[in-house]
Amino acid sequence: MAMFTNDNSAELVSLATLAVHAGREELDRLGVHAPPIDLSSTYPLGNLEQEVAALEAWMAGARQADNPIYARLFNPTVARYESALAAIECAETAVAFASGMAALHALLLATARSRHVVVQEPIYGGTSLLLAAGLAGVEATSAPPHRIPQALRPDTALVLLETPANPTAELVDIAQIVQAVAPVPVAVDSTLATPVLQRPLTLGARYVLHSATKFLGGHGDLLAGIVACSEADAQELRKIRILTGGVLSPWAAYLLHRSLPTLPLRVERAQTTAAVLAARLQGRAEVLRVSYPGLSSGDPLGLVGRQMAGPGAIVSFELKGGAAAVDRFLAALRLITVAVSLGTTDTLIQPPAAFTHHGLPPEERIRLGLRDGLLRMAVGLEDPEDLWRDLERGLEAVAS
Ligand SMILES: *Cc1c(COP(=O)(O)O)cnc(C)c1O
């Protein structure tokens with residue numbers, strides 16, 4: 001019987017080439033050009049004694065065995081994508097989940113049950129909510145990046161970073177924090193950067209997490225999450241995935257794999273446009289401030305070019321005039337989509353204070369820099385001049 005495997009045997013070549021070819025290693029042997037989608041929920045069993053060995057291997061977190069047995073244990077379409085993502089993330093392996101939150105939940109269960117986590121602030125709103133829920137006895141302390149070492153306790157099991165951070169696009173020095181908190185392992189939510197712009201494992205992080213719903217999916221048509229890490233750490237994540245069932249659908253895995261070859265092109269194009277728009281926004285009287293790592297004000301630690309290959313495609317900016325200005329601005333847009341999420345082909349914009357972080361007390365929002373006039377824009381693939389005309393429409397509505 002065929003060996004099913006998550007093996008990451010790709011040699012490191014340039015990112016663009018790897019993004020095209022990673023995860024395609026077994027296609028020749030299968031005699032196909034497009035990766036097949038295996039939709040089986042169950043698999044025929046042969047010699048039961050042998051199949052018991054496979055069952056036990058999966059339950060122990062193995063990445064390969066002779067029979068998938070059941071789709072909650074293994075799916076070859078998902079495994080092919082995991083191997084591809086691991087290759088471009090410079091990881092031994094990766095474990096995919098049904099969503100970014102399912103991936104984070106599994107990571108917390110694998111590392112921090114009944115223990116303590118230090119989490120950077122600000123961070124993705126869903127991450128704060130999950131940690132505040134105290135599931136599995138995980139207790140969390142939030143701290144701005146420079147206060148993270150002081151927040152460590154003897155029972156701290158994990159430090160969780162996010163850079164660029166959502167929704168402010170602030171950068172955190174991964175290598176510096178890894179060093180300051182050693183030997184406590186560091187996980188980096190790298191969703192906003194993608195492996196095109198940063199590879200946290202090469203900077204000493206133990207885990208990289210992505211909401212693959214965003215740039216990795218790239219088209220706004222799926223939910224997925226993935227953790228890239230060592231094979232030993234992946235075994236714990238796979239065991240939890242089998243027990244809790246947060247598996248990625250093979251359809252979504254196929255789409256993620258299909259999106260991978262264009263990931264570098266999409267990120268680079270969106271980033272080039274974002275840099276143009278950020279610079280123009282900064283020159284406008286209606287705008288109080290622009291937070292974008294490509295502006296010197298947005299990268300005080302000089303991490304672009306060192307930690308990150310480029311400033312990315314997320315631009316946060318604050319309008320003068322607070323909530324009323326935001327309302328007028330958003331109502332005037334005709335091209336840019338007012339929606340949460342990011343990393344899609346179309347440009348998305350949302351006001352964190354009025355929407356995603358609406359539930360926080362106002363003083364807490366101010367403390368996190370989420371003032372009423374703030375907008376988070378996730379730049380897409382449209383023509384930059386068309387996008388600028390739309391932003392100008394919004395700015396003119398604010399001024400009038
Ligand atoms: C969207 C997002 C998540 C959550 O991912 P889902 O796929 O929505 O579950 C986590 N972290 C960041 C930075 C995100 O943008």
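As the structure is a prediction and not an experimental result, all values here were calculated from the model. Ligands are counted one by one from 1 in listed order, and the atoms in each one are counted from 1 as well.
A donor-acceptor distance shorter than 3.5 angstrom exists from the side chain of Arg266 to the backbone of Ser259, with no hydrogens or angles considered. At least one donor-acceptor pair under 3.5 Å links the side chain of Ser249 to the backbone N or O of Ala252.
Ile226 and Leu256 fall within the same hydrophobic cluster, defined by Ile, Leu, Val, Met, Phe, Trp and Tyr side-chain heavy atoms under 4.5 Å apart, directly or through other members.
Among residues at least two apart or in separate chains, salt bridge (charged side-chain N to carboxylate O under 4.0 Å, His left out) pairs with a member in residues 389-400 are Arg284-Glu392, Asp386-Arg389, Asp390-Arg393.
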For ligand 1, which of its N or O atoms have a protein N or O partner closer than 3.5 Å, and how long is each gap?
residue	atom	partner	partner atom	Å
ligand 1	5 (O)	Ser211	OG	2.9
ligand 1	7 (O)	Gly100	N	2.9
ligand 1	7 (O)	Ser211	OG	2.8
ligand 1	7 (O)	Thr213	OG1	2.6
ligand 1	9 (O)	Gly100	N	3.0
ligand 1	9 (O)	Met101	N	2.9
ligand 1	11 (N)	Asp189	OD2	2.6
ligand 1	15 (O)	Asn166	ND2	3.2
ligand 1	15 (O)	Lys214	NZ	2.7

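The aromatic rings of Phe74 and Trp58 sit parallel, their planes meeting at an angle under 30°, below the 60° perpendicular limit.
Looking at every heavy atom in both residues, Ile177 comes nearest to Ile148 through CD1-CD1, 3.9 Å.
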